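These numbers were taken from a predicted model, which means no experiment stands behind them. Numbering of ligands and ligand atoms starts at 1, following listing order.
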Amino acid sequence: MSHKHSMIVLYLIALGMIAGLAAGWYFGEDILVVKWLGVLFLNALKMTIIPLILAAVISGVASLGDVRKLGRPGGLTMLYYLSTTILAIIIGLFLVNLIEPGVGVEMTAEAKAAGASLAQEKGGSTFVDIIMSLISPNLVQSAAELQLLPLVVFAVIFGAAVTTVGDSGAAVIRFFEGLNEAMMKLVGWIMYFAPVGVFALVASSLGEAGGGDAFMATVTGIGKYVSTVLIALAVHSVLLFVIMIFLSRRGPSFLTDMARALMTAFGTASSSATLPITMECAKEHGLSDRSVRFVLPLGSTVNMNGTALYEAIAAMFIAQMYGIDLGMGEQILIVITATLAAIGAAGIPQAGTVTMLIVLAAVGLPAEGIGVLLSVDWFLDRFRTTVNVWGDAVGAAVMNKYMMADEEKAMVEVFKDKIEEAEG
Ligand code: ASP
């Protein structure tokens with residue numbers, strides 16, 4: 001997409017989002033007549049994810065040239081993502097301890113029942129389950145269920161293996177290169193539909209909540225909790241911006257260039273569905289192929305800053321509501337479990353709400369407490385998904401700088417050898 005087109009689409013998506021909020025607010029359930037347009041957009045994005053992610057990650061990893069070169073960028077990417085996740089949780093814990101949004105909140109019987117039934121239906125997963133989910137026994141089934149984590153793991157291993165088999169491997173890499181390019185083209189076309197898609201998705205989600213008045217009534221009930229999450233997300237986003245400026249040495253235009261992806265994340269509440277757009281925006285901004293094809297897909301599956309921050313706040317909120325005092329040790333346990341729960345959460349709407357049950361179980365909080373938060377969860381999900389995508393994008397920009405520096409070093413080495421050879 002040319003720069004001019006990108007800017008026009010950006011303004012139109014922003015307009016779509018604002019118009020969607022206004023329409024959902026005023027028309028309430030009546031606006032659901034446009035819901036199909038949002039679903040159509042979402043489906044178009046989902047349609048591209050599996051071929052795109054496989055082609056991108058395989059060709060991205062293979063472009064490193066040698067399996068032994070995977071360790072450093074892979075390890076550093078994971079280390080970077082882990083650090084920002086922990087930073088997000090610390091910000092969340094600091095603010096929730098300061099504001100204490102759970103103190104004095106009463107739980108209704110209805111909320112208790114909703115929480116208990118969610119815990120019964122979805123509870124029971126453990127850390128072992130998260131580790132087990134890395135390897136899929138059936139890639140086709142994982143693809144059908146849009147479980148991207150095992151697919152990314154497979155693609156990384158496959159991409160590494162394919163570099164070791166010589167000529168026949170080169171043909172496979174070329175195939176995936178071509179597939180990746182064609183899929184990115186397709187994503188560029190789908191992006192033209194984003195303004196209408198985002199409008200319909202935002203309008204219908206507010207419509208489903210019963211419109212503006214019904215929504216305000218729900219939010220004000222636990223307004224302090226909602227504000228704590230939103231303030232923490234805002235603080236973390238600003239910190240990410242600072243990290244982007246200093247560590248990746250990119251200007252504010254990086255934020256403007258990623259804005260289409262961020263608004264799509266807000267509209268879809270799914271970082272997986274947004275991934276194709278995130279990749280397209282990062283590519284247009286000028287990040288290297290390796291960052292776009294390797295760091296971003298990895299980030300979108302394991303790095304969820306917004307989700308981790310939200311899980312820590314929600315767990316503490318539940319503790320405050322029940323009057324349970326959680327000390328330093330338990331809060332450290334929240335840092336560890338929320339990190340793992342965020343890694344384990346799929347990039348789909350409200351996945352974090354379910355993996356939060358692991359955090360609650362680890363510190364011995366009643367799972368039914370989650371019931372109080374469910375009414376506003378769809379709304380906060382959109383904000384945390386936006387921060388998840390922003391976190392991935394900043395990670396890709398930072399790793400881009402590091403990988404370029406590494407590549408330059410490698411080039412110098414090559415030329416040094418050549419010069420020495422010539423001199424010798
Ligand atoms: N909806 C989030 C995402 O897709 C995950 C979550 O926090 O529920 O990134």
Side-chain angles (χ1 to χ4, degrees), residues 38 41-43 45-46 48-49 53 81 84-85 88-89 91-92 115 118-119 121-123 125 130 133 145-149 151-152 197-198 201-202 205 208 225-226 228-230 232-233 236-237 240 258 261-279 281 296-315 317 334 337-360 370 373-396:
F41 173 58
L42 204 56
N43 288 350
L45 286 177
K46 286 183 181 168
T48 64
I49 294 175
I53 206 167
Y81 280 146
T84 51
T85 302
I89 297 174
I91 292 172
L118 178 88
E121 198 187 319
K122 309 271 188 184
S125 45
I130 294 183
S133 73
E145 289 168 4
L146 274 191
Q147 296 164 356
L148 300 190
L149 193 53
L151 288 180
V152 170
V198 169
L201 285 168
V202 171
S205 62
E208 264 160 11
Y225 161 74
V226 172
T228 311
V229 175
L230 293 182
L233 287 173
H236 186 67
S237 302
L240 284 173
M258 296 309 299
L262 300 180
M263 285 190 271
T264 306
F266 187 84
T268 59
S270 164
S271 41
S272 293
T274 310
L275 177 64
I277 305 237
T278 317
M279 290 170 72
C281 291
L296 270 182
L298 199 66
S300 87
T301 44
V302 300
N303 180 52
M304 296 202 181
N305 292 178
T307 301
L309 174 155
Y310 145 84
E311 295 198 2
I313 293 184
F317 171 85
I334 291 185
T337 48
T339 304
L340 290 169
I343 293 175
I348 54 172
Q350 300 191 307
T353 323
V354 176
T355 60
M356 196 172 76
L357 292 169
I358 299 177
V359 183
L360 297 183
I370 233 174
L373 316 174
L374 291 180
S375 59
V376 288
D377 198 59
W378 66 270
F379 165 71
L380 292 178
D381 189 13
R382 283 158 200 276
F383 285 94
R384 64 182 192 250
T385 307
T386 311
V387 176
N388 288 346
V389 171
W390 178 228
D392 300 340
V394 172

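- Judged purely by distance below 3.5 Å, without hydrogens or angles, the side chains of Thr268 and Thr274 pair a donor atom with an acceptor atom.
- Residue Val389 does not touch ligand 1, judged by heavy-atom distances below 4.0 Å.
- Proximity to Asn388 (heavy-atom distance under 4.0 Å) selects the following atoms of ligand 1: 2 (C), 3 (C), 9 (O).
- A side-chain donor from one of Thr355 and Glu311 sits under 3.5 Å from a side-chain acceptor of the other.
- Ligand 1 has an N or O atom lying under 3.5 Å from an N or O atom of Ala351, backbone or side chain.
- Inspection of the Gln350 and Asp381 side chains reveals no N or O donor paired with an N or O acceptor under 3.5 Å.
- Proximity of Ala345 to ligand 1 is not established, as no heavy-atom distance is less than 4.0 Å.
- Formation of a donor-acceptor pair under 3.5 Å by the Asn388 side chain with backbone atoms of Asn305 is found in this model.
- The single protein non-hydrogen atom nearest to atom 8 (O) of ligand 1 is Gly352 N, 2.7 Å, given as residue, atom name and distance.
- For ligand 1, the atoms sitting less than 4.0 Å from at least one non-hydrogen atom of Ser270 are 4 (O), numbered in the order shown with element in parentheses.
- Phe266 pairs by the ring-ring contact (aromatic ring centres under 6.0 Å, His included) definition with Phe383, not counting sequence neighbours.
- For atom 2 (C) of ligand 1, the closest non-hydrogen atom on the protein side is Thr385 OG1, 3.3 Å.
- Of the possible polar contacts, one joining the Ser270 side chain to the Gly347 backbone as a donor-acceptor pair under 3.5 Å is found.
- Within ligand 1, the atoms closer than 4.0 Å to a non-hydrogen atom of Thr307 are 5 (C), 6 (C), 7 (O), numbered from 1 in the order shown.
- The N/O atoms of Thr353, backbone and side chain alike, include none that comes under 3.5 Å of an N/O atom in ligand 1.
- The atoms of ligand 1 that sit less than 4.0 Å from any heavy atom of Asp381 are 1 (N), 2 (C), 6 (C), 7 (O), 8 (O).
- Partners of Tyr81 by ring-ring contact (aromatic ring centres under 6.0 Å, His included), not counting sequence neighbours: none found.
- No hydrogens or angles considered: a donor-acceptor pair under 3.5 Å links the side chains of Thr353 and Asp377.
- Checked against a 3.5 angstrom limit, the closest N/O atoms of Gly347 and ligand 1 fall inside it.
- Listed by number with element, the atoms of ligand 1 under 4.0 angstrom from any heavy atom of Gln350 are 1 (N), 8 (O).
- Within the listing of ligand 1, atoms 3 (C), 4 (O), 9 (O) sit less than 4.0 angstrom from a heavy atom of Ser271.
- Proximity to Ala269 (heavy-atom distance under 4.0 Å) selects the following atoms of ligand 1: 1 (N), 4 (O).
- A distance of 11.0 Å separates CG in Asn43 from CZ in Phe41, rounded to the nearest 0.5 Å.
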